[in-house]
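All ligand and atom numbering here is 1-based and tracks the order in the structure. Residue numbers run from 1 in the order of the sequence given. Worth saying up front: this structure is predicted, and the values here are computed from it rather than measured.
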Amino acid sequence: MTTKDYELVAVQHSYYSAKVRACLQYKRLPYQEIGANIETILNRVIPATGNQQFPVVFCPDGTVLKDGCDIVEALEARHPERPIMPDDPQLKFVATLIETLADEFFVIPMIYYRWIPEETKQWGINMFKTSLGNGVENADLAAMAEQMGDTVSTEIRSRLPKVGLGKIEIQEKAKLITEAVCGLLDAHLAKTPYMLGDHPTLADLGMMNAMWGHLYLDPCEPSMFIRNDYLHLNNWITNMHSGAGISDQGNLYISDTLIPLLRYFADAFADMMSDILEAADTALPNAEAGAEAPTGLGKINTNLQGETLTRPATTYTAWRLQRVIEAYQAVPEAQQSETDTLLNDIGFQTVCQHQINWGLHKDNFKLYVMDQ
Ligand SMILES: N[C@@H](CCC(=O)N[C@@H](CS)C(=O)NCC(=O)O)C(=O)O
């Protein structure tokens, strides 16, 4: 390896790895992907970041980056060429909204497809054993990886109620939402090359993340209907996976075909987003300013397309929504009424115009409560 390479700790099958990989690819940055096996997690990821979560990027200058949205932001700041952030503040806001929807909300159906149908669940256990053990040299750790496939999958399945998937009606919604989103994405990509126009942006990285690791690669129903029926979507997914070859030329814009997709996302997730913001409004003003933020905000009663569910709200998701609100607030006055007309049309106005009475900031991979 040359010392100039970035190192990406990731797994092809992981939900959050695809955004960072697609960013490195599109920006044509030299990188090596290091599988997140048990050795790498114990010997490199945990010592550098404090826990086992990945993707993690080790930069050539020794800086460690963690959390997909922060990694992409840092790579954009270090390498502004072939930008993924639109200059236009309205498009920047829409890109941040789409990234957040994909990371924090559209993830619910993905979890369904891997962990609820019996066939994919067994496949998921084998996949975990393989990726945790792949390339592990220490014999004890290799044996541990073999045992951990079951442990990890049991642990992940125990988290299903945390996103409402304990309820059969929500599982059905997960399927409906996935089918509808794939259809709407395909119709959009038939007319417009990328999410926001002629070349990829953060919005494509975010949607690609949602499409790749579970939906496209898992042996699940959508991986087949995308290949068989949604050929524009299929093309875009495979292009985004090898983004070094994509042109960065052309214009960025919101095309008519994006509107039905955004409306659908609002119909599915806007209530849940507002409920999480309200949970933060209640919990965070009581938290000590300057202190590390609590990880949970308590349980919310919410709904997914009218189907009720109770789930915990996390401070992390509230922070992601704070970023969306900040991007909305950064739209200059001259574009405000156009942006509000768009928000009214698609249905995200309540979320984006929510007045937050708290603030969170990240430092050294942790969230802290800001002084108000
Ligand atoms: N917000 C993080 C989430 C990262 C994440 O949840 N990664 C998964 C793999 S795709 C993981 O490390 N899971 C193990 C765990 O949470 O213990 C990001 O966007 O990077």
*For Tyr16, is at least one N or O under 3.5 Å away from an N or O on ligand 1?*
no
_Donor-acceptor under 3.5 Å (His188 side chain, Tyr194 main chain)_ = yes
*For atom 13 (N) of ligand 1, grab the closest protein heavy atom and report residue, atom and distance to one decimal in Å.*
Gln53 CG, 4.4 Å
*Between Glu73 and Arg323, is there a salt bridge with N-O shorter than 4.0 Å?*
yes
*Answer yes or no for Ser17: is there a heavy-atom contact with ligand 1 below 4.0 Å?*
no
*Against heavy atoms of Gln52, which atoms of ligand 1 measure under 4.0 Å?*
15 (C), 17 (O)
*asked:* Does either side chain, that of Asn209 or that of Glu99, offer a donor lying less than 3.5 Å from an acceptor on the other one?
replied: no
*Please work out which of the three classes, parallel, tilted or perpendicular, describes the rings of Trp212 and His241, given edges at 30° and 60°.*
parallel
*State the atoms of ligand 1, each with its element, that fall below the 4.0 Å cut-off from a heavy-atom position in Arg159.*
15 (C), 16 (O), 17 (O)
*Do the charged groups of Lys121 and Glu118 touch, with an N to O distance under 4.0 Å?*
yes
*Please could you name the atoms of ligand 1 that Tyr316 approaches to less than 4.0 Å, counting only its heavy atoms?*
1 (N)
_Under 3.5 Å side-chain donor-acceptor pair for Tyr216 and Asn234_ = yes
*Starting from atom 19 (O) of ligand 1, locate the nearest protein heavy atom and write down its residue, its atom name and how far away it is, to 0.1 Å.*
Asp67 OD1, 3.1 Å
*Top protein contact for atom 9 (C) of ligand 1, by heavy-atom distance*: Phe54 O, 3.7 Å
*Does Asp103 have a heavy atom less than 4.0 Å from any atom of ligand 1?*
no
_Salt bridge flag under 4.0 Å for residues Lys173 and Glu169_ = no
*Hey, is ligand 1 close enough to Pro55 that some N/O pair sits below 3.5 Å?*
no
*Examine Arg320 against ligand 1 and note whether any of their N/O atoms are separated by less than 3.5 Å.*
no
*Hey, does the side chain of Lys4 reach the backbone of Pro30 with a donor-acceptor pair shorter than 3.5 angstrom?*
no
*Which of the numbered atoms in ligand 1 are below 4.0 angstrom from a heavy atom of Tyr15?*
10 (S)
*Number the atoms of ligand 1 from 1 as they appear, then name those within less than 4.0 Å of a heavy atom of Gly68, with their elements.*
18 (C), 19 (O), 20 (O)
*Is any NZ, NE, NH1 or NH2 atom of the basic residue among Arg44 and Glu7 found under 4.0 Å from an Asp or Glu carboxylate oxygen of the other?*
yes
